[in-house]
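First the structure, in the form of structure tokens, and then the observations on it.
Computed from a predicted structure; not experimentally measured. Here is how names work: the chains are called A, B, and so on, in the same order as the sequence lines, proteins then strands, and each is numbered from 1.
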There are 2 protein chains.
Amino acid sequence: MNKKYTIKDIAEIAGVSKGTVDRVLHKRGKVSKTALEKVNTVLDRIDYRPNLIARNLKNTKIFNICVLLPNPKIDIYWEGCIDGINDAIEEFISFNIAVTIYFFNPTNTNSFIENNEEILKTSPDAVLIAPLFYKEAVEIVKNYNALGIISVTFNNYLKSNAIKSFVGQDLFQSGKVAGRLLEILVKKGLIAILHIDEDYENAIYVQEKEKGFRAYFNQVNNTNYTIKTCSLQHPNFKRSFYEFIEAHPNLAGIFVTTSKAFQVAEITSKLDKKIALVGYDLLKSNLNYLKSFDIDFLIHQNPKRQAYLGVVHLIEYFIFDKEIPTKKLLPIDIINSENANNYI
Amino acid sequence: MNKKYTIKDIAEIAGVSKGTVDRVLHKRGKVSKTALEKVNTVLDRIDYRPNLIARNLKNTKIFNICVLLPNPKIDIYWEGCIDGINDAIEEFISFNIAVTIYFFNPTNTNSFIENNEEILKTSPDAVLIAPLFYKEAVEIVKNYNALGIISVTFNNYLKSNAIKSFVGQDLFQSGKVAGRLLEILVKKGLIAILHIDEDYENAIYVQEKEKGFRAYFNQVNNTNYTIKTCSLQHPNFKRSFYEFIEAHPNLAGIFVTTSKAFQVAEITSKLDKKIALVGYDLLKSNLNYLKSFDIDFLIHQNPKRQAYLGVVHLIEYFIFDKEIPTKKLLPIDIINSENANNYI
DNA sequence: TTGAAAGCGCTAACAC
DNA sequence: GTGTTAGCGCTTTCAA
């Protein structure tokens, strides 16, 4: 009933040779009308599912995929990506795929550009990039595209039609998630949106989160709350933050738009009053404060899965001709002290 | 540098034939000491990764996997499983795998037993079961085991060494997650644990959730809270629940241990005071109340992924010789009104 | 105990 | 245009 048909079967039924069937299937032309019809009649009647596996046995071309992301030694957030990429490599080890990882310094635009030049030299078939530097990335991606190199971005969205696909979260929506969480945590008072732009610039992305956060509170339209944005830079962070606290005695909750919630918790955990705290990312230091309830919720951006999916999409495109989704939005995981362990 | 070695390569280097290498690799015996040594020396020196794909080209045996779960028409919770199973089938369509789904009536123990008998008749290589009926499942699984049929359970844990693997959530821990959520939602007063055991018996599993929930509150040890358990049966649910509310004016939060939180929300949403509500599962009716904020949080048990993984583990075991993890615990996803869409 | 050879499903080169 | 054939990496005969 559910017989699996092979090219050989089709050839026999249609009364032609395997080669002809193959030519029809792949639209390689050089097939007479009569042969084409004979084959198509058979194909219409049966459910032919090519064995994608056997297809690739033959293939000798090695696909070259390059991944470029910030050096995890400089920003530990990216560490999981390496595992994700390695998982993908392992999973497709039987195919002719070469994946190479490049790291750039996220505090240094030139490092980003230089690494892309390095990548170009290897004439890759595709690149997967975390495009932290917006302007530069747009140019670089345009260049890849001109050279026929497929580019896919992850973690940070980039508007450009030179990009084939994006894997990551909807940051606006994740701001709304944080909004809902803080609404529950705080009944009234001031809620601060804290941008802790440590060393480097990813302003566009934290702004997206802020917009979502504010959109949520506009929508609930509750006069109990005041929302205020505050941008803090690294060197003076502690002092500036203390000043902020003193200047705002009604401060009741904080939304940290970067992964640095632990820096805030370090301070708020020592205050007399409880300040609700929602942040991002399962860094060790964040998790410690989550377990001690000084951070109430973390939003998990799942960099590991982002990188994994980015690579897998490319591999499956090359070896299985599978379409790459233009936009793959990952779930916005809410983490508290009790479910954290399941995500790491 | 990273050359991929094939059996042919190894044979040439070792100065033996492909057949001999194969015999060594698969420990089929019938290899002389000298040949064995020659091959092993080569294997020690290189990193041989067999092409698992090519391996299965030859294989003509069709592996027969049967899945048994409650009929989604009777309990809609299970609906997602079908998609998950179909995803797995699709993913491995090129291999010789036959997956058949069987449904039992979750309100009827006999239906469970009968379906297992049906399955037995097809002499499967493995079964994946949602063992809702504990006692009966233990017997059935023992029987499968005796017949050399691999059994894997999902969604509901069963203690039995006749079972090869379990895929699902840690229900105790998910109770703790709910505990933490209600602690945040409710500052003081009575928190009710509601078991709505509709038509059928899954008492063991909801008890596990209750234990975790209580464990959490014992651990925070806050005298502001009283925890009380309440079991309600379907026919009189509404009346009994109203009585419960009236008898407990300090009721501030409810933890529903089944997927029937919507039945509670239907009532609490019409009360004057806000009662915090945490439940399970992304049923349509639950989601509606989540969006209207009458349910505060849902815990997602991800039946789709459970079934998917259960099947995939088996398939990969058969075709890739991959080990099946004894216990695969899925993350305990916390869902609120804002991140729900990403999970469905 | 061993090597040679056929064949899994598909592709691509090559005659005709 | 079309059929034949070799070969991808591996397994499994089968003859030696």
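The CD1 atom of B:Ile10 sits 14 Å away from the C1' atom of D:dT11 (whole-angstrom rounding). One atom, CD1 of A:Ile53, and another, P of C:dC10, lie 11 Å apart when rounded to the nearest Å. Rounded to an integer number of Å, the gap from A:Glu12 CD to C:dG9 C1' is 13 Å. Per the geometry, CD1 belonging to A:Ile62 stands 15 Å off P belonging to D:dC8, to the nearest Å. Counting to the nearest Å, the P atom of C:dC8 and the NZ atom of A:Lys4 are 14 Å from each other. Taking atom NZ of residue B:Lys58 and atom C1' of nucleotide D:dT13, one finds them 8 Å apart after rounding to whole Å.
Looking at heavy-atom distances under 4.0 Å, A:Tyr48 makes contact with sugar-phosphate atoms alone, never a base. Within 4.0 Å (heavy atoms only), B:Asp22 reaches at least one base atom of the nucleic acid.
By the 4.0 Å N-to-carboxylate-O rule, A:Lys4 lies too far from A:Asp9 to be salt-bridged with it. The existence of a salt bridge linking A:Glu90 and B:Arg49 is confirmed by a sub-4.0 Å separation between a basic side-chain nitrogen and an acidic carboxylate oxygen.
Side-chain atoms of B:Thr20 lie closest to C:dT2 of the nucleotides D:dG9, C:dA12, C:dT2. Considering only side-chain atoms of A:Lys30, the nucleotide from D:dG1, C:dT11, C:dG3 that sits closest is D:dG1. Checked against D:dC10, C:dC10, D:dT2, the side chain of B:Lys18 finds its nearest nucleotide in D:dC10.
Contact annotation: side chain of B:Lys8 to base of D:dG9, donor-acceptor pair absent below 3.5 Å. The base of C:dG3 is paired with the side chain of B:Arg23 by a donor and an acceptor separated by under 3.5 Å.
Applying the 4.0 Å criterion to OP1 and OP2 of C:dA12, one finds that A:Arg28 has a side-chain N or O inside that range. Remark: A:Ser17 is in phosphate contact with D:dG3, judged by side-chain N or O atoms under 4.0 Å from OP1 or OP2.
Considering A:Asp333, A:Asp87, A:Asp83 as possible partners of A:Lys304, the one that fulfils the salt bridge (charged side-chain N to carboxylate O under 4.0 Å, His left out) test is A:Asp87.
To the nearest 0.5 Å, atoms CG (B:Asn341) and CG (B:Leu282) are separated by 10.0 Å.
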* side chain to side chain contact (heavy atoms under 4.5 Å, CB included) between B:Leu309 and B:Phe154: does it pass, once the steps are laid out? -> CA-CA 9 Å; B:Leu309 284 177; B:Phe154 76 106; over 6 Å; no
